[in-house]
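Take a look at the structure below.
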2 protein chains.
Amino acid sequence: MFAIGKASQKSGVHIETIRYYEREGLVPKPDRSAAGRHLYTADEIAKLRFVKRCRDLGFPMSIIQTLLSLNDEQGRSCKEVKSMAEDQLVAINAKIESLERLRAALQSLSASCDEGTSSCPMLDSLMSEAPTVPL
Amino acid sequence: MFAIGKASQKSGVHIETIRYYEREGLVPKPDRSAAGRHLYTADEIAKLRFVKRCRDLGFPMSIIQTLLSLNDEQGRSCKEVKSMAEDQLVAINAKIESLERLRAALQSLSASCDEGTSSCPMLDSLMSEAPTVPL
DNA sequence: TTTTGCTCCTGTAGTCGCTACAAGAGCTAT
DNA sequence: ATAGCTCTTGTAGCGACTACAGGAGCAAAA
């Protein structure tokens, strides 16, 4: 049994964030010591670590909630998990593509921006009705 | 002179978002008609369009505020603008790389997840102390 | 002219995923 | 005993919106 500081260290989730997850019902509030402190079991810490990894993978909390319940459920969870992972992959790919388009636009605007000129081509383009760069 | 609905249409910024920008002081509140409605000039609409384009390029509001003031200032703004654009490019590249790492991790986890098995390798890996996939 | 239905106004609260702070109680090491 | 860390609850803030509620105004059809 570990206090919240240890649980935070072992899971990699900040103390404040653990409390936030508990408030939001993403993970259950653990039992307490006589003095009213939360005490975490190894299982509860594993759950926190799971949440952290999923967040790092870009899953929103609502999806993580579902994943946690699939995990508790045992059984034919794998198919659903895989499909959620694939949805997430699609979302990540979309984000990457949109950032790449953005980068191209910014690079082209930035390249037009030379040092000596009195007005700024980049600002002018962004202000104009028909921009020189597609977004 | 255009009412807020037209200004929204012409700039591509949602009405509520225009009001939000005005509340935050990013753009000035326009003059009013006799009946108390905001009336937007072409210039004010251009400013809104500028803010929209910058937001689409991923600039935060604080940077946009600086860009707007550089634009008003006239003069040797171009160099500073270019440097801000380059900072933004660095940030975008970092985001793209981190998303690509994420994608690799998710793909590898998802690939391990086959349909028939009773427990889910992906969930197991995410729950375990030493994960099979680097983040 | 009245009525219908759109637009506009202000103000407030909600979103997501935290993060920070305050004021107090408890626990541990010297 | 004391110093200094850790824990508790509660609340407010972040960025960039978005979504109401409740009311006023305005333009065009009947």
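Below, read A as the first sequence line, B as the second, and so on, with proteins coming before strands; counting in each chain starts at 1.
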Rounded to whole angstroms, how far apart are [atom1] on [X] and [atom2] on [N]?
X: A/Ile15; N: D/dT9; atom1: CD1; atom2: P; answer: 12 Å
X: A/Ile4; N: C/dC27; atom1: CD1; atom2: P; answer: 16 Å
X: A/Glu22; N: D/dT9; atom1: CD; atom2: C1'; answer: 13 Å
X: A/Ile18; N: D/dC7; atom1: CD1; atom2: C1'; answer: 12 Å
X: A/Arg19; N: D/dT11; atom1: CZ; atom2: P; answer: 15 Å
X: B/Lys6; N: D/dA27; atom1: NZ; atom2: P; answer: 14 Å
X: A/Leu26; N: C/dC16; atom1: CG; atom2: P; answer: 13 Å

**Separation between CG of B/Leu67 and CG of B/Leu57, rounded to the nearest 0.5 Å** = 10.0 Å

**Asked** When rounded to the nearest 0.5 angstrom, what distance separates NZ in B/Lys95 from CG in A/Leu102?
**Response**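 Reported to 0.5 Å precision, the distance equals 8.5 Å.
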
**Message:** Do A/Ser110 and B/Glu86 make a side-chain contact, defined as non-hydrogen atoms from C-beta onward lying under 4.5 Å apart?
**Reply:**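 The answer is yes; the side chains approach within 4.5 Å.
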
**Prompt:** Taking the side chain from A/Lys82 and the backbone from B/Cys113, do they hold a donor-acceptor pair closer than 3.5 Å?
**Reply:** yes

**Asked** By a strict heavy-atom criterion of less than 4.0 Å, which residues belonging to residues 27-41 of chain B are in contact with DNA chain D?
**Response**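 Within this stretch, B/Ala35, B/Arg37 sit under 4.0 Å of the strand.
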
**Message:** Taking the basic N atoms (NZ, or NE/NH1/NH2) and the acidic carboxylate oxygens, is any pair closer than 4.0 Å for B/Lys47 and B/Asp72?
**Reply:**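 A salt bridge is present here (some side-chain N lies under 4.0 Å from a carboxylate O).
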
Atom pairs, N/O to N/O, protein against nucleotides 12-20 of chain D, distance under 3.5 Å?
from	atom 1	to	atom 2	distance (Å)
D/dA16	OP2	B/Met61	N	3.3
D/dA16	O3'	B/Arg55	NH2	3.4
D/dA16	N7	B/Tyr20	OH	3.3
D/dC17	OP2	B/Tyr21	OH	2.6
D/dC17	OP2	B/Arg55	NE	2.7
D/dT18	OP2	B/His14	ND1	3.4
D/dC20	N4	B/Glu16	OE2	3.4

**Request:** Kindly confirm or rule out a cation-pi arrangement of A/Lys10 over A/Phe2, judged by NZ or CZ under 6.0 Å from the six-membered ring centre and within 45° of its axis?
**Result:** yes

**Item:** Members besides A/Leu39 in its Ile/Leu/Val/Met/Phe/Trp/Tyr cluster (side-chain heavy atoms under 4.5 Å)
**Value:**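 Joined to A/Leu39, directly or through intermediates: A/Met1.
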
**Message:** Would you say A/Thr41 and A/Glu44 are linked by a side-chain donor-acceptor pair, where the criterion is simply a distance under 3.5 Å?
**Reply:**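 Result is yes, a qualifying pair exists.
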
